[in-house]
Structure formats: structure tokens, C-alpha cells
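The chains referred to below are lettered A, B, ... by the order of the sequence lines, with proteins before strands, and numbering in each begins at 1. Quick caveat, the model's predicted, so the values are computed rather than measured.
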Amino acid sequence: MTPILFRNARLIDPETGTERLGELGVRGGKIVGPEGLDGAQTVDCSGRCLAPGIVDIGVKVSEPGERHKESFRSAGLAAAAGGVTTIVTRPDTIPAIDTPETLEFVRRRANEAAPVRVLPMAALTRGREGREMAEISFLLDAGAVAFTDCDHVVTNTKVFSRCLTYAASLGALVVGHPQEPILSDGASATSGKFAALKGLPSVSPMAERMGLDRDIAIVEMTGARYHADQVTTARALRRLARAKEADLDITAGVSIHHLTLNEFDVGDYRTFFKVKPPLRSEDDRLAAVEAVASGLIDVISSMHTPQDEESKRLPFEEAASGAIGLETLLPASMRLVHGGHLDLPTLWRALSLNPARRLGLDCGRLSAGAPADLVLFDPDVPFILDRFALRSKSKNTPFDEARMQGRIIGTWVAGTQVYRHDKA
Amino acid sequence: MSFRARHLLGIEHLAPNEITLLLDLADRYVDLNRRDVKHDTALTGLTQINMFFEASTRTQASFELAGKRLGADVMNMNMQGSSLKKGETLIDTAMTLNAMHPDLLVVRHPSSGAVALLAQKVNCAVLNAGDGRHEHPTQALLDALTIRRAKGRLHRLTVAICGDVAHSRVARSNIWLLGKMENRVRLVGPPTLLPAGAADWGVEVCYDMREGLRDADVVMMLRLQRERMDGAFIPSEREYFHRFGLDAEKLAHAKDDAIVMHPGPMNRGVEIDGTLADDINRSVIQDQVEMGVAVRMAAMDLLARNLRAARSSPEVMV
């Protein structure tokens, strides 16, 4: 493999929290210093940003079961085009990924079809039914990086605490979905003025705090390593802060949609804005953005959830939840930068460094020796998003026809270019 | 002053002058309906389909009569479960119907927003006859006409809307309409039956019936749906009637000439005392039914005019 020398790059380094103009070398799939790269292919970045590739925790690839919605091929291409170099997949497929055999299928399909790194998560309980523990040790050996029942909350606290105790003994990371399941049952919006006016069944934002409170108590009880997939309300964030102060092994994520959209974006029952948990008030959105800036929220993810037209073209209450996000994660994140909430190194801490660290990966950095997973992008280029131009098989993005800023110019995985923007 | 909408999906997007225009026309249809010969030709040659995905006797009959009196060919389709059981989606049902070239589509559906979704896919005028908990615009219009005729005006009145506001599309449409016409609206009921966030709507919220009725010009009762008993919204019907059922004693806190309204069907002895409901000096419940036909005639007349205008000059169709 020819070495590469990136010149005139605005290097975004989340590890040091700095950005500077400089050069970066790549040899043997790793990042190296710019010295001694004779005969290297030179990439002139013209002052544009070079950052570690995004590590996206919680991507739904609808394979196995619903390949018409998304395959490893289409998700991988979307990821590459979105600057995402590692996708961490969810096990909420049909069937659920809850045995070493199904996990093996995922790994094989991912290896042959996806141009980016794919790391699978496995179910915490069999069939994500919250009754019997999955084979956590076998699944770890087979390559599972974390364990989660996704949006199926394990309601039985006895089962959940045993799972966490067992996982803790193996050092396995458990990803929870903080939500009180009975209070939120049947809800498709956050309670408040908007849901009440539109006559939508709604859930109090308190349900998230109640779910997080329970999980924190069980983490304290079991000593498990725990990551909350999405914390989206100010009141739950206060509990998260307390748990972190108490030195529990707890981290939290938030989806890009909860950072850039609020409940009113649903408008006249636009089902592409129906996500789980439902979009929140503007106050809660701002609290989540603030928490990313302060580091209280560790991880931003796309919560990429492909849904076909048939499952979305329904009355709001009946429509499926979820939005795709692999390809829009970076430009949507730029709204936070251009809005003055975050600088680029802080944003990249949440997009690549923290998720990599939490999963024990050595990517997400620009230091010598780290894998050469890189994204080159221009943070300023404006465009209007056309959902049919996206690479995902499903087109359910809430950003259709939205004005966006930020263009990905190239993506590299282990020093190999997997995406190049065509100057059309 | 004109009525420009293509569909009647809710009160939210109507302007006050459109509401007035519609009520003025409805007044004329009230006169027509009281004559021996009740026929008009406003909808002659047009096809009206009533599509009810949720059970209804009164509203469907009212729309049917309204259409027939204006000369439309009316067809009733009872959609509870029929094609939905066969797995057909709402959109497919809409496309199928659209191919039959209806002119007016009257739709009721149990999901909020479903009627608007259907309206996007058809070429005719759509009237919302109730979508989930969202809106029931012709009910609010017939209530407004009843109030205007009884009180002589539709502004600067104090209106108490009492009971299960949380699950009521009638309440939501009325709150929009009464607010647009500059009335003072009070929501009265136990907090479990009032929507979270109602205080942000520019209405007063009151958990005590007597206090809520104080100096009211209009007392609008809502139907308590029996199925709410299962969800721990209220402890029992008798406790509910004791605290929130309308009887002569509670009504005495309202103005002496306050009128009593109910969208029907009533649960006598649950939300309203039977004797009071029948008191022709206070109750306008029968007037509401009469106004319902007239208001629906006016609404369909106006939409049909817009439809014909749009068809004769398609380039201005929006």
C-alpha cells in the first residue's frame, strides 16, 4: 500500500482538543509522522478539515430479516459517504442477534459487503424478550463489542440486575435504553403543548429520568459497565451528572436528531420525525447540546434506523419509529458548530474519540500509531439535501429538503480510500 | 371576504372571517331546513362519499342528510375493519376511492392526523368528520352557530368546557374556534382528563366544577367515554358525577341565562343530569343537532364552490 501524505490539512484532534494547520502521514494502514514518506501519494487538503473517522454506536442494519430496508452493502456505502469509518450495529434485527451463530452471520456479511469497519453488538437477553440471559461469554468470544436489548427495556429488574452482574464479571459493556416502559407505552410524542394540540398519545419526559434512575441504581448495585444509548432531557441529565460524580462506570449518548430538532418539527404529523424517544422540547434540546459541550454526554450517534415508505406512510400513531442518519450525521452536526455551541475538536470528541474509547478501540485519534481511519471534509459548503440521493436503501430522513452545511470530500479506512466526492 | 380552503380538516387553519362567512351561510340553510320543501341544488351532480373508519350514527346521518338536501349523490361506506382487515393501508384505500371520482369525501378515523394524510392523496375536497383526538371541525362550527343564535354574538363570552378534554377532538376544535373569535375559555375537569400542557393554550384550567362554572355564559359538557374507566382516569362513575356531573345546583354558579350544550350522545347521570338535559329553558342540545345539518350544508357548499372554481381554472389550483 502506498503511503499517503495529507498536506495543508486543518487537523482536528479530539485527543488534545486542538486544531492546527499541518501535515499527516499514513503508512501501513496507520497514522505516522509526516517525515520519511518518500514516494508517498500526496493529498492537498487546501486547508480543509481532516479528522478521525466517526465511530457510530447504535446503527440498525436491517440484515438479517429486512434486507429491503438496508443491507450491509448499502449501510456501508452510506457510512463511507458520511465519514463514518466504524459502525457499531444494533441486534434488533429479525431474528435478534442473540447467539454466536447469528453473530457470525453478521460478521461474515459485514466483511464481504461493507467498505467500513463493522462491529456488532449482541442482545442482552434471548430474543430481546427480557427473560433469559443471552450467552454473553460466547458472544464476546465471537466478537460482540457490547450488549443491548435496544428499545426493549428489560422490565424485570431481577433479570436485568443478574444480566449486569454477569456482564460485569466479564467486563462486558451493557447499553441501556433509559425509559420507564409502562409510562411510555403507546406514546408517539413528548407530552406538552404540541402533543396536546395535535391530539397525539404522549409520554412525560419524566419517563426517561425514571428509566435512568433505575438503571443507575442497578449499575451501582452490580458494578457493571453501562452506557445509556440516548439521554435527551434536562431532568435525566442531572441524574447522569450525579452518577458520574459518584464514579459509577457510566457513559451516555444522544442522537443527532435530538440535538438538532425539537417536538415542533413534527408539524402536521410528519412521520419522518417520529423517533424513539420522541423529539423533545426546545429547552431539553438545548440542555442536551450543552451537555455534549461540557462532556456530560459522551457520545453523539446517528441512531440510524431505516424504515421503508410503507411503514412511514401511515397515520402518525401507527407509523414506524426511527430515522436514517449515517450520511447526514456529519452535516447535521455542523449545525452545532455553525450555531456556536461547539468547536470542532469538542464535536469530534463525541463523534469519534469517546465512542472508540468506550468500546476499547484504538481509533478515533490522530496520534501516530492509531489506525488511519480518516475523514476529509469542508465544514462550510452549503447544500440542500435530497433524500433520494442518499445511499441508504430507505430514505426516511427528517432532513429532506433541509438546508445543510458540510461536505465530505473523502473517507479512508486503514489508509484505504473508501469514499471520494465526485465534483459533479 | 372569502372562504379559500380546499379541504376542511380543522379549525386551526381557518381565519375568523372564514368562520363568520360559513356561519352566515349556515344561518340561511337553517331557514331552508325549516321549510316544507328542503331541497337546494348547490351540490347537484356531485358525489359525496361518507367514509367512517370509526362508528358513528349521528354525525354520519347529519352529513348524509346535508348532502341529500343539497342534491348530492351520497354514498355511505362503513370502513370499520373492512379493507383494513385485509391489510390495505389508508393510502391505498384513498387511491382506490379517488379513482371513482368523488367530489366530497367525508372522513372519520381513529388516528390523529389520518384525515389530513388521506387528503394529500385525493383530488376531491375532504371534510374531517373527526380524527383521533385531534379535530372535529364541523362540531365546533355547529356549536358556534348554536351559541351565536342563542346569545346573539360569538365574542367576549365565557365558555366552560367540562369533562374529558384530554381525549376529546370536540374540545380541541372548540378551543381553537372560541379562541379565534376572542372568547374566554375555561377547561374544567379532573387533572387526569385534562391534557398536559393545556395551560399553555391561552385557556384557564380549573379542577373544581363550581369554580369553573362561575359566571359562565356557556357550559359545554363533553361525553365521558366509558372505556376510560379501565385506565384509572377516574375512580368511579358515581364519584365523577358527584364532582363533575352537571346538575341544577352546579349550574347555579354560572350566569342565570347560561346555556347548556352537549355534543352527544349523552350519558345521563354520568356527566349530565337527565332533567337538566331536557330543560328547554337551559339546554340547547336539540338545537345543536339541528345546526349540525345546516353547518355541514354550508361547509360542503363552500368547498364545492372552490372545487368547481379550481376545476374550471386548473392553473390556480393550490
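Residue B:E135: no heavy atom, backbone or side chain, is found under 4.5 Å from chain A. For a residue to count as touching a neighbouring chain, one of its non-hydrogen atoms must lie under 4.5 Å from one of that chain's; by this rule B:A116 does not touch chain A.
By number of non-hydrogen pairs under 4.5 angstrom with chain A, the leading residue of B:G10, B:A196, B:G132, B:A166 is B:A196. Heavy-atom pairs under 4.5 Å with chain A were tallied for B:G197, B:S111, B:A114, B:P195; the largest tally goes to B:S111.
Taking all atoms of both residues into account, the shortest heavy-atom contact from A:V153 to A:H177 is CG2-O, 3.4 Å.
In this structure, B:R296 forms a cation-pi arrangement with B:F63, its terminal cationic atom sitting closer than 6.0 Å to the ring centre and no more than 45° off the ring axis.
In this structure, NZ in A:K274 is found 12.5 Å from OH in A:Y269, a value given to the nearest 0.5 Å.
In summary, A:E70 and A:K60 do not engage in a salt bridge, as defined by a charged side-chain N under 4.0 Å from a carboxylate O.
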